[in-house]
Amino acid sequence: MNIVEQVKERIKAEIAQAAEKAEIVSSEDLPSVVLETPKDKVHGDFATNVAMQLAGVAKKAPRLIAEDITAHMDKSKASIEKIEIAGPGFINFFLDKSYLRDIIPSVLQAGSDYGRTNVGENQKVQVEFVSANPTGNLHLGHARGAAVGDSLCNILDMAGYDVTREYYINDAGNQITNLARSVEARYLQALGHDADMPEDGYLGADIQQFGKELAEEHGNRYADASEEERLAFFREYGLKREMEKLKQDLLDFGVDFDVWFSETSLYEDGKVEETLQLLEEKQEVYQDDGAVWFKSSNYGDDKDRVLVKSDNSYTYLMPDIAYHKNKFERGFEKVINIWGADHHGYIPRMRAAVQALGYQKDQLETQIIQMVNLFENGEKVKMSKRTGKAVTLRDLMEEVGIDATRYFFAMRSADTHLDFDLGLAKSQSNENPVYYVQYAHARLCSICRQAEEKGFVYDPEADISLVATEKEYDVLKKVGEFPETVALAAEKYAPHRITNYLHELASAFHSFYNAERVVDSEDEEKTKARLKLVKAVQTTLQNGMKLIGVSAPEKM
RNA sequence: GCCCUAGUAGCUCAGUGGAAGAGCAACAGCCUCCUAAGCUGUAGGUCACAGGUUCGAAUCCUGUCUAGGGCGCCA
């Protein structure tokens, strides 16, 4: 437990025993005391609403209850300096803030592990995200999914979960045949033949390029081959090239998957057949109209779903159920899917499938990444992956920058629609909030450089009791909130809580920086003490920025 | 038609039972001083609308309106 939590626990315990002593309620009737941090400093360091909660039980006005409680509290036990009763019955606590100094050594000792907790209890969690079809470039929506998914994984890891990042490769469906035919057409065109693109072909520039390269390398070799040989070749080639590109784009974006899981492998290993058999044994399916249906409506879905079509081929759902079964068989206790908004209607049937297989409903969590609308010059731009008219992840990295892009996507809660104005992102990149946070870090580094130049040597033994101003305490309090912020972000699957936090921490530091000097040749002891504070802030910022995949520059 | 998500400051968005917030834009100040990509202050809100539950609702419930998405033996 960190210092802030310890202090909060002490205050809570004091409140609980004061409520009992004042004979307001018996201990078993006492609701769990909530201690929150008021947004406004005039409401103290911590506040509780316990008096209002007790109003019903005690049949007394909240403010009177608050007075009773505070009269029976032993202030000396919990660093309390002053207590005020305010508003409808809030009890506000003003603390002797010197306890905050203890945060400094705890951060410095933990270093890159500061913020780590064990709320996840080492639970095995699998997060599947991006999983874009390998038929073209990753676009804006995938970029959002990648940024959110990767940040979430980092956060879960720091909160004590055992995380595996996984990408599901849809390499078995019609779209791959379509890809093969598209590559074929581009190849033939590059050779000067008269070849039409398939009706639902992929019109991206990447595939044109493949065609060109193939023509240069192989000439008419595949134009003359049998259709069967030709398609098999283009299928494999297209898939290989698309996957290479995809992996590289994601790696450059800072996203490194642990597992690349092939849909085809499910068929090859007989997993699809096996899963269907299991569902049959469990009597979760039935025959109708020549098709095999899954009784998903038994588990809350609107209607039943086809698994095997009347032409004997599988629907997309079938291998996907097999895939989820496989996930649990690999020992994951919790499976998190991060899907695009266009798949949200799919959630009830997948949840039904997981239950039909005999797993618990809450072992599957699906997070929806809402649509990203692209705006340029104030006008909405229609995007289509099929026609290749889309802003790609690569475009974003080159034009907007990796740090700004990742921060931008991480800072919004994933389940809200997002307007992305490309012109704004590019032209106003200096005003992007990411620079505010990065600038704070660069300033911290600058202070350290200045200190070194002036002959100060970092002293781990420096006396931090000299850290005692209001601004310093504000910064320290923020630093102290980091571990619980990470834990909360993990619990809520909410990476944007981290960017919010980083902005607040940077703000507290900028404010301190403008008010007071760190490096002061006139006061060696104070400088040394403040350098420890600086180091603690730097460590916290770095750890937080790492969570969302943003770099911490030493100079800007 | 049914389902999902959203509607909070001029704009982009946090907050999801407890005292209305941030960034940008606007306005007024702050660099002989560790990076002004910064700081300080001002202004800006019947939290879409109408009911309900509650001591207390932006937050929970019901209904309505608006925007986007989903409802296939496609993936």
Side-chain angles (χ1 to χ4, degrees), chain A residues 34 36 38-40 42-43 47-56 61-62 86-90 92 133 135 170 172-176 178 200 263 288-293 302-303 305-317 319-320 340-348 368 370-371 373 408 411-421 424 428-440 442-451 453-454 456 492 494 496-497 499-500 503-504 506-507 509-521 527 530-531 534 555-556:
Chain A
V34 176
E36 54 179 27
K39 288 165 207 153
D40 192 335
V42 307
H43 297 130
T48 182
N49 60 352
V50 72
M52 279 115 81
Q53 284 182 313
L54 288 172
F90 287 101
N92 297 333
N133 289 343
T135 55
N170 294 108
N174 293 335
Q175 78 277 5
I176 298 300
N178 219 343
D200 295 318
E263 180 186 357
D288 192 31
D289 276 343
V292 178
W293 296 72
D302 296 349
K303 51 189 170 192
R305 308 290 170 177
V306 172
L307 295 180
V308 186
K309 298 181 240 174
S310 47
D311 67 358
N312 264 332
S313 64
Y314 295 121
T315 62
Y316 176 75
L317 182 60
D320 218 10
D342 53 341
H343 282 68
H344 95 246
Y346 202 75
I347 296 173
I368 286 298
Q370 275 296 347
M371 305 287 292
N373 289 318
F408 189 82
M411 72 188 274
R412 258 89 175 192
S413 76
D415 55 6
T416 58
H417 307 266
L418 175 64
D419 290 339
F420 193 100
D421 191 319
L424 205 72
Q428 299 201 350
S429 60
N430 282 359
E431 287 162 12
N432 190 301
V434 71
Y435 296 104
Y436 184 81
V437 176
Q438 289 186 318
Y439 189 54
R443 272 184 156 173
L444 287 156
C445 294
S446 175
I447 290 171
C448 295
R449 282 194 300 272
Q450 285 285 330
E453 278 171 29
K454 297 234 167 88
F456 286 100
K492 304 266 185 195
H496 70 274
R497 283 176 185 269
T499 55
N500 285 352
H503 194 276
E504 287 163 11
S507 173
F509 168 70
H510 281 309
S511 180
F512 160 73
Y513 180 94
N514 271 272
E516 296 170 43
R517 282 192 68 83
V518 173
V519 181
D520 181 358
S521 302
T527 300
R530 286 187 166 175
L531 283 173
V534 161
K555 277 183 185 175
M556 282 176 77

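Here is how names work: the chains are called A, B, and so on, in the same order as the sequence lines, proteins then strands, and each is numbered from 1. Quick caveat: nothing in here was measured; it's all calculated off a predicted structure.
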Distances for protein N/O vs nucleotides 29-34 of chain B N/O pairs under 3.5 angstrom?
unit_1, atom_1, unit_2, atom_2, d
rC33(B), O2', Arg517(A), NH1, 2.0
rC34(B), O4', Arg517(A), NH2, 3.1
rC34(B), O3', Gln450(A), NE2, 3.4
rC34(B), O2', Ser446(A), O, 3.4
rC34(B), O2, Val518(A), N, 3.4
rC34(B), O2, Val519(A), N, 2.9
rC34(B), N3, Val518(A), N, 3.0
rC34(B), N4, Tyr513(A), O, 2.8
rC34(B), N4, Glu516(A), O, 2.5

Worksheet, complete the sentence: Intra- and inter-strand pairing of RNA chain B, written as dot-bracket with Watson-Crick and G-U pairs under 3.5 Å and | for the latter, reads ((((((((.[[[[.)..(..]]]].(((((.......))))).....[[[[[..)....]]]]])))))))....
Not counting sequence neighbours, which residues clear side-chain hydrogen bond (donor to acceptor under 3.5 Å, both in side chains) with [X]? List them please.
X	answer
Tyr314(A)	Glu273(A)
Asp415(A)	Ser413(A)
Ser521(A)	none

Worksheet item: Under the criteria of a ring-centre distance below 5.5 Å and an interplanar angle below 30°, is His43(A) stacked with the base of rA19(B)?
Response: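 Yes.
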Quick one: list whatever passes ring pair (Phe, Tyr, Trp, His ring centres under 6.0 Å) with [X], sequence neighbours left out.
X	value
Phe90(A)	none
His510(A)	Tyr436(A), Tyr439(A)
Phe420(A)	Phe408(A), Phe409(A)

Worksheet item: Nearest to the side chain of Lys303(A) - rC71(B), rG38(B), rC74(B)?
Response: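 Side chain of Lys303(A) sits closest to rC71(B).
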Worksheet item: Which residues satisfy the salt bridge (charged side-chain N to carboxylate O under 4.0 Å, His left out) test with Glu36(A), sequence neighbours excluded?
Response: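 For Glu36(A) there are no salt bridge (charged side-chain N to carboxylate O under 4.0 Å, His left out) partners, ignoring immediate neighbours.
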Worksheet item: Considering residues at least two apart in sequence or located in another chain, which fulfil the salt bridge (charged side-chain N to carboxylate O under 4.0 Å, His left out) criterion with Arg497(A)?
Response: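 Partners of Arg497(A) by the salt bridge (charged side-chain N to carboxylate O under 4.0 Å, His left out) criterion come out as none, since no residue qualifies.
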Provide a list of protein-nucleic acid N or O atom pairs under 3.5 angstrom, restricted to nucleotides 5-7 of chain B.
unit_1, atom_1, unit_2, atom_2, d
rU5(B), O2', Asp415(A), O, 2.9
rU5(B), O2, His417(A), NE2, 3.1

Worksheet item: Is there a donor on the side chain of His344(A) or the base of rG69(B) sitting less than 3.5 Å from an acceptor on the other?
Response: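 In this structure, the two groups form a donor-acceptor pair.
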Practice prompt. Under the side chain to side chain contact (heavy atoms under 4.5 Å, CB included) rule, collect the residues that match up with Phe512(A), sequence neighbours excluded.
Written response: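 Result, side chain to side chain contact (heavy atoms under 4.5 Å, CB included) vs Phe512(A): Lys471(A), Glu472(A), Val475(A), Phe509(A), Glu516(A), Val518(A), Arg530(A), Leu533(A).
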